[in-house]
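Here is the structure we will look at.
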Amino acid sequence: MKSRFDYLEEMSIDTEWLRRAQKVVQTSSPGKNTLSNIQNEASECNKCILASTRDNIVFGSGNPNSKLMIIGEAPGKDEDLIGEPFVGRAGKLLDEILFSMGITRDNVYITNTVKCRPPENRNPSHEEIESCSDYLNQQIKSINPTVIILLGKIAANRILGTEETMSDLRQKVFTHKLTKIPTIVFYHPAYLLRSPSQKKNMWDDIKFTLEFIKKNDCKIN
Ligand code: URA
């Protein structure tokens with residue numbers, strides 16, 4: 001049987017980061033095993049219709065002790081096949097964004113608002129995000145990052161409970177209601193792939209975020 005690494009390598013995706021991230025998870029302190037409990041629970045989940053079409057749940061990956069947590073929208077086809085978030089083209093761009101912030105996937109924890117792929121890559125519905133929100137909230141509490149970055153309008157609107165547009169959401173620091181963790185919104189990398197002219201704005205948003213992190217001593221790496 002093919003491993004997830006075989007699938008990734010067939011797609012010419014560098015798997016080094018994933019191997020390192022898994023090592024971090026495996027060697028994390030025993031007291032931090034709550035994440036794997038939440039993951040076990042999520043892997044049996046049938047709370048919404050997405051359970052009937054998934055190949056794998058895409059729970060999250062990276063450093064469970066991370067100071068920076070990144071929350072995307074929903075897994076796509078590649079993620080569903082492999083069971084890891086952001087492994088496709090949008091993931092490559094996310095890696096570049098992290099690199100320009102001076103960090104790698106080893107330094108962060110990445111997940112999505114929903115843990116199963118919506119068919120045909122449609123947006124997850126309010127109900128689907130709501131059904132999955134308990135897993136996400138438990139992940140946030142377990143990791144307890146110093147900063148959260150939300151990718152795109154869908155994740156931002158649902159998690160922050162707003163209807164604001166991306167231009168209203170950018171370069172502001174919100175507060176995650178449940179945990180009071182400072183939360184910043186970035187363009188979704190998939191949007192940037194479709195609208196490369198926005199990459200300049202992305203760079204401004206990165207600078208804004210790095211400034212906030214420095215001023216508040218958030219220690220993300
Ligand atoms: N887009 C997302 O929002 N999440 C993924 O995991 C992949 C693509």
Side-chain angles (χ1 to χ4, degrees), residues 4-5 7-8 10-15 17-18 21-22 25 35 38-39 42-43 45 48 50-51 53-64 66 68-99 103-133 135-136 139-140 143 145 148-160 166 169-170 183-196 198-199 202 205:
R4 64 184 55 167
F5 298 112
Y7 283 111
L8 282 168
E10 271 175 26
M11 290 189 285
S12 309
I13 292 172
D14 175 17
T15 56
W17 60 267
L18 179 55
Q22 287 200 331
V25 172
L35 261 192
I38 310 161
Q39 180 163 7
S43 65
C45 181
C48 82
L50 299 184
T53 49
R54 71 174 176 231
D55 281 319
N56 288 294
I57 72 150
V58 180
F59 182 70
S61 71
N63 183 347
S66 176
L68 175 59
M69 183 163 178
I70 298 181
I71 306 174
E73 185 182 313
K77 188 166 177 251
D78 296 334
E79 289 78 17
D80 176 59
L81 272 178
I82 292 158
E84 297 288 334
F86 283 97
V87 293
R89 283 180 67 221
K92 276 261 166 216
L93 183 53
L94 179 58
D95 287 342
E96 286 171 25
I97 292 170
L98 295 177
F99 183 75
I103 48 180
T104 66
R105 287 202 187 211
D106 294 1
N107 302 115
V108 302
Y109 187 88
I110 306 175
T111 188
N112 284 300
T113 61
V114 292
K115 312 302 180 213
C116 300
R117 178 194 180 204
E120 312 302 328
N121 294 349
R122 65 164 170 75
N123 293 339
S125 69
H126 286 223
E127 293 72 26
E128 289 155 359
I129 293 179
E130 187 50 38
S131 304
C132 232
S133 62
Y135 300 125
L136 179 62
Q139 281 175 302
I140 297 172
I143 291 159
I148 297 173
I149 291 179
L150 304 177
L151 299 176
K153 186 174 177 305
I154 302 269
N157 286 167
R158 294 298 154 270
I159 292 171
L160 299 173
M166 270 309 291
L169 293 163
R170 292 177 54 223
T183 301
I184 294 173
V185 181
F186 274 9
Y187 286 113
H188 194 290
Y191 168 75
L192 293 173
L193 288 173
R194 293 192 302 273
S195 312
Q198 298 292 342
K199 284 189 184 168
M202 181 73 245
D205 298 354

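Start at 1 and go down the list; that is how both ligands and their atoms are numbered.
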From atom 6 (O) of ligand 1, work out which of V58, T113, N123, N112 has a heavy atom at the shortest distance. N112

Does the pair R54/E79 count as a salt bridge with the N-to-O cut at 4.0 Å? no

D80 side chain vs D55 backbone, donor-acceptor pair below 3.5 Å: yes

Mark yes when over 12 heavy atoms from residues, nucleotides or ligands other than Q39 sit less than 6.0 Å from its CD; otherwise mark no. yes

For ligand 1, indicate whether the residue E79 contacts it via side chain, backbone, both or neither (heavy-atom separation under 4.0 Å). side chain

May I ask you to check whether F86 has an N/O atom sitting below 3.5 Å from an N/O atom of ligand 1? yes

Tell me, please, which residues at least two apart from R158 pass salt bridge (charged side-chain N to carboxylate O under 4.0 Å, His left out). E163

Close approach, E84 and ligand 1, non-hydrogen under 4.0 angstrom: no

Applying a heavy-atom cut-off of 4.0 Å, say which part of A74 lies close to ligand 1: side chain, backbone, both or neither. backbone

Numbering as shown, the atoms of ligand 1 that approach H188 to under 4.0 Å (heavy-atom distance): 1 (N), 2 (C), 3 (O)

Within the side chain of Q139, is there an N or O that forms a donor-acceptor pair under 3.5 Å with the backbone of F59? yes

Distance-only N or O hit between ligand 1 and A90, under 3.5 Å: no

P85 neighbourhood, listing ligand 1 atoms whose heavy-atom distance to it stays under 4.0 Å: 6 (O)

Show which atoms of ligand 1 fall inside a sub-4.0 Å distance from at least one heavy-atom site of E73. 2 (C), 3 (O)

Only counting residues at least two apart or in another chain, list the ones meeting side chain to side chain donor-acceptor pair (under 3.5 Å) with D205. R170, Q171

How far apart are the C-alpha atoms of E84 and R105, what are their side-chain angles, what is the distance that settles it, and do they pass the salt bridge (Lys or Arg N to Asp or Glu O under 4.0 Å) test? CA-CA 12 Å; E84 297 288 334; R105 287 202 187 211; over 6 Å; no

